[in-house]
Enquirer: 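Before I ask anything, here is the structure I am working with.
Since we're looking at a predicted model, the values are computed, not measured.
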Amino acid sequence: MKLQFNINKSLSLRIAVYVLSFCMLLFLLVLLVFFFFSRKQIEEMTLKNAQIITNKSAMDVERTILPIIHVAQNYKWMLENKQQSSEELYEMTRRVVENNPDVIGSAIAFEPNFFDKEGLYFSPYSHRENDSIKSMQLGNASYNYFYMDWYQIPVATGKSSWCEPYHDTGGGNVLMTTYSTPFYKTVNNEKKIAGVITFDLSLNKFTDSVSSLKILETGYATVLSANGTFVTHPKEELIMNQTIFSYAAELNNSELREIGRKIQKENSGYVSSTLNGVERMLYFKKLSSSNWSIAVIFPKSEMYLPLHRISIILIVLVCIGLLLLTVIVSKIISRQIIPLRHFASSAREIAKGNFSNQLPVIKREDELKDLHDSFEYMQRKLTLYIEDLKQTAIAKEKIESELRIAREIQMGMIPKIFPPFPNLVEIDLYATLQPAKEVGGDLYDFFMLDDNHICFAIGDVSGKGVPASLFMAVTRTLLRSVAHDQMTPRNIVNSLNKSLSTNNDSNMFVTFFLGIIELDSGIMTYTNAGHNPPVLIHPNGEVIVFDMTKDIPVGIFDTFDYSEKTLQLLENDKLFLYTDGVTEAENKKEEFYSEKRLITTLCNHYRLTPKELIGIVSEDVAQHVNKNEQSDDITMFSIVYYGNKR
Amino acid sequence: MGEIPSKSFLTGGICTNIPYLLHRMKKMLISWIGGLLCCLQCLAQELPQLTFAPQWLPQAQFAGYYVAQKKGFYKAEGLNVRIVHPSASVNSVEYLKNEQCDITTQILTSAFAFREAGIDLVNIAQISQNSALLFVSRKEKGISELSDLNEKKIGIWLSGFDEVAREIIKSNNYQVQWVPVLNTVNLFLSGYLDAMTVMWYNEYDQIIQSGVNEEELNRIFFSDCGFNIPEDGLYCLDKTLIQRRGDLEKFVRASLKGWEYAKENKEETLGIVLEEMKKNHVPTNKAHQAWMLDKALLMIDPGSKNVKKGELAESDFVKAQNMLFEAGNIKTRTAFKEFYKPVMK
């Protein structure tokens, strides 16, 4: 399946990304914990390592020095307890050089005039020269050894001492130090200082061994004398030229000076400091046999270098792993959701109406199987439902068709040809009926009773739809039949009422207005059975609404006796009759068209012919309703009396 | 002692000095040959030549002369100056005596001693106006003023420069145990000595550079004890003065200019000094040389003394001569005008 790289379009990719994000978060957390603990571990291990290296180096030195110190102690004992001849003293110095390869020279230097025979200076001295050992007497006027550090300090302090390192320039730039220890003789029962035993030691072996020490990448070891002089250092210009304190002054680094003092005062310890712009760790250890110290120094950052390397490798590997994981997870999920795609296309097919479309086959018993079953159920139900719908639609169509026919029959019952009496010059009339549903309950009718009398009526059956339309048909039919027998509106309406009230099980009624105009006189008699009062429009624009009637609608009480009124129509007087469908026409805001607006419209158009007037009112009502659904039948009727033209 | 250049030279094992001196002599021979070649070059340029020998190996104590040479102040005066350095075995006055140099520096009290020994030295300019000597002690020894030195062990140089220190103690009737030391501060550092006579610009800094902080030390400057006896001055043989007075005047003028330049341009001067040290194969220690330069420049300033730079105050001369005479270091007195013959007008 083609992998879609738009995360919003691919569920598999989206899930893969979520899984990846979580894995990355988890990995980061693990890496941080790993990094933190490893750092601590490495720090401890490196410091331990530095300590071991330094201590081992110190032990190596001690191993060289301690036998020499023992020899010095033996010689001291011999010198203090036995009397030696000058030859024996020379021999003693020679023997120590012979037997100790690390000893370059040895002297037994006596106090001034201690050996009467030998004079002021007496210091038998043997030293290595090339491959042989030479002996000589060291002191003379130009080499007044009494004031040399190697002699003066042990004599003055009564303690053994290591003198500051020096270069034996004659012997090929050998770096040396001298160990001196005083010895005493008892003269006249008084213990007196007799002189000093010295051993000159080459430091080269020691410095070479320390210089070769490597700690991490650029870490190094250094040896400091008691005064802080650099005995070894990777920077050659520092060796023997500078002390740690002068170097600190040169670098203007007071912290380094304090480190130097710490090294002088303490036996061992760790220090962390920034030197030459690099944060460094330092471990130092003082040699137990002297006040010299060995220190190892290494950049702190190098401690973590292996960790950083491992971390980078780890990050790269995990990134590759996560990428693979994303691809694999995406693939697996894609495969798992293949049926979903089929379901999607099935859904589209079903939407098109193809309910029998084949669903994907799910062999597993999981959520997709549930989905499959749901789809199948939906397919079945939809098929049944659509079948029902079809039947219903057919039934509805049938009803609608019947209603259409009923409407046609209903409309056929009311006169629709205008002008109805083209030869009748005294009057002109026009009427419309617009049912709210397919068939309505309103009615109007007009017909000539004889040559001089025209009868017209308008009515509104209670209720709507088929029952109302049937009641309307009955009313209209009855009207025609009773009107020819009765010549007054009162009698017509009374007859009508009686007929309709009888067997009126459905309790329906009709508001009804009926008028008869005597054409030659213009006298109009009328009965208003609960209908809206008609409007009289004079040709001068005066508009008069008829009084409200007290008579009840037709069809309620069969014994009710309706009243009759008379009105003299003048030339060009116009009547406007309507049902409540006009004044109660509602717009979307549920506002009625209202009688007031109707009167205003009639006033504004008083000159118009009945047809024009009804057209204008229809337009105005339509404008008010503004496409809102029509709730009631709308029926209007207008008649104009032109006067006696005979 | 203000003449010690480095620790490596200070400290000495038993089998060091004889081969070392041979080595030095070899180096010196090479430098002499170099000098000879330089001399020939100067002859070609027809500039009068002067050979100047400071009293010790190259160090910031002589910074003004190296600067004058390097910046061409001598050349500008119409002089071709060659600077040579003495060795451990031959001092600069020997050079003067043997006419191996024309001018040297010496400290005032030593100049009296050399005259007493029959060398016809004359002071042609007094460069250092102040004493750089002091007694230094660790605070724990409780020596905060001069009287505290009474009955104490005081280190003092075996090879000279001890006159003023001894006179200060003597004039105050203190009883002290003088402990002669050769040339290191190690006996002081060992704690054996209660106090030690040191040069402010040299041994004092060596103590600091061995890990002792200044605040752990007490200082009693000789100048504060009424013995502000000036030190380094320029000396030549009387006959040289007669013969080459004009050239000597030029030398002093250019040297003073060198010192003035050094004061204004310490970092550059330090570079020149270190270069000179390297050229002469003397181990360098920048921090120590910087300290020395600072203090040497302080010594040059006459301060409240009624003299100009380069002049010797008669009162200083009288005080130094009386002190040496009374101590028995010299047997004859010299007139101020015989001793001090300034070349600068």
Enquirer: So which part of B:N213 gets closer than 4.5 Å to some heavy atom of chain A, the side chain, the backbone, both or neither?
Expert: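 Contact with chain A: backbone and side chain both.
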Enquirer: Which residue out of A:K265, A:E250, A:E258 racks up the most heavy-atom pairs below 4.5 Å with chain B?
Expert: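 Sorted descending by pairs with chain B, the first entry is A:E250.
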Enquirer: Name the residue from B:V181, B:L182, B:N186, B:T184 that meets the side-chain contact (heavy atoms from CB on, under 4.5 Å) definition with A:Q152.
Expert: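 Going through the options one by one, the only one that passes is B:V181.
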Enquirer: Heavy-atom distance under 4.5 Å to chain A: side chain of B:L158, backbone, both or neither?
Expert: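 Contact with chain A: side chain only.
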Enquirer: Are there more than 12 heavy atoms of other residues, nucleotides or ligands under 6.0 Å from atom NZ of B:K139?
Expert: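 Check passes, neighbour count above 12.
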Enquirer: Rounded to the nearest 0.5 Å, how far does NZ of A:K159 lie from OG of B:S190?
Expert: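 If I round to the nearest 0.5 Å, the distance is 8.5 Å.
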Enquirer: Do other residues, nucleotides or ligands put more than 12 heavy atoms under 6.0 Å from B:E140 CD?
Expert: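 Count over threshold, so yes.
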Enquirer: Counting only heavy atoms not in B:K70, do more than 12 sit closer than 6.0 Å to its NZ atom?
Expert: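 Incorrect, the count does not exceed 12.
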Enquirer: Which answer fits A:N144, side chain, backbone, both or neither, if we ask what part of it has an atom under 4.5 Å from a heavy atom of chain B?
Expert: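 Just its side chain gets close to chain B.
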Enquirer: Most heavy-atom pairs under 4.5 angstrom with chain B, which of A:R257, A:E237, A:Q264?
Expert: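 Ranked by heavy-atom pairs under 4.5 Å with chain B, first place is A:R257.
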Enquirer: Can you tell me how far the CD atom of B:E216 sits from the CZ atom of A:R261, to the nearest 0.5 Å?
Expert: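 Here the interatomic distance stands at 4.0 Å.
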Enquirer: If you count heavy-atom pairs under 4.5 Å with chain A, which of B:T284, B:I208, B:V179 comes out on top?
Expert: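 It is B:I208.
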Enquirer: Heavy-atom count check: over 12 atoms from other residues, nucleotides or ligands less than 6.0 Å from B:E214 CD?
Expert: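 Counting other residues, nucleotides and ligands, CD of B:E214 exceeds 12 neighbours.
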Enquirer: Assess whether atom NZ of B:K97 is packed by more than 12 heavy atoms of other residues, nucleotides or ligands within 6.0 Å.
Expert: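 Check fails, neighbour count at 12 or below.
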Enquirer: For the residue pair B:A287 and A:S246, what are the closest heavy atoms and their distance?
Expert: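 In this case the closest contact between B:A287 and A:S246 is CB-O, 3.3 Å.
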Enquirer: Calculate, to the nearest 0.5 Å, the distance between atoms CD1 and CZ belonging to B:I207 and A:F245 respectively.
Expert: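 Answer rounded to 0.5 Å: 13.0 Å.
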Enquirer: Hydrogens and angles aside, do B:N285 and A:N241 bring a side-chain donor and acceptor to less than 3.5 Å of each other?
Expert: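 Looking only at side-chain atoms, A:N241 and B:N285 do not form any donor-acceptor pair under 3.5 Å.
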Enquirer: For chain B, which of A:Y247, A:Y145, A:Y147, A:F146 has the most heavy-atom pairs under 4.5 Å?
Expert: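 Most heavy-atom pairs under 4.5 Å with chain B: A:Y147.
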Enquirer: Does A:T243 reach the main-chain N or O of B:Q209 with its side chain, forming a donor-acceptor pair under 3.5 Å?
Expert: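 Yes: the side chain of A:T243 pairs with the backbone of B:Q209.
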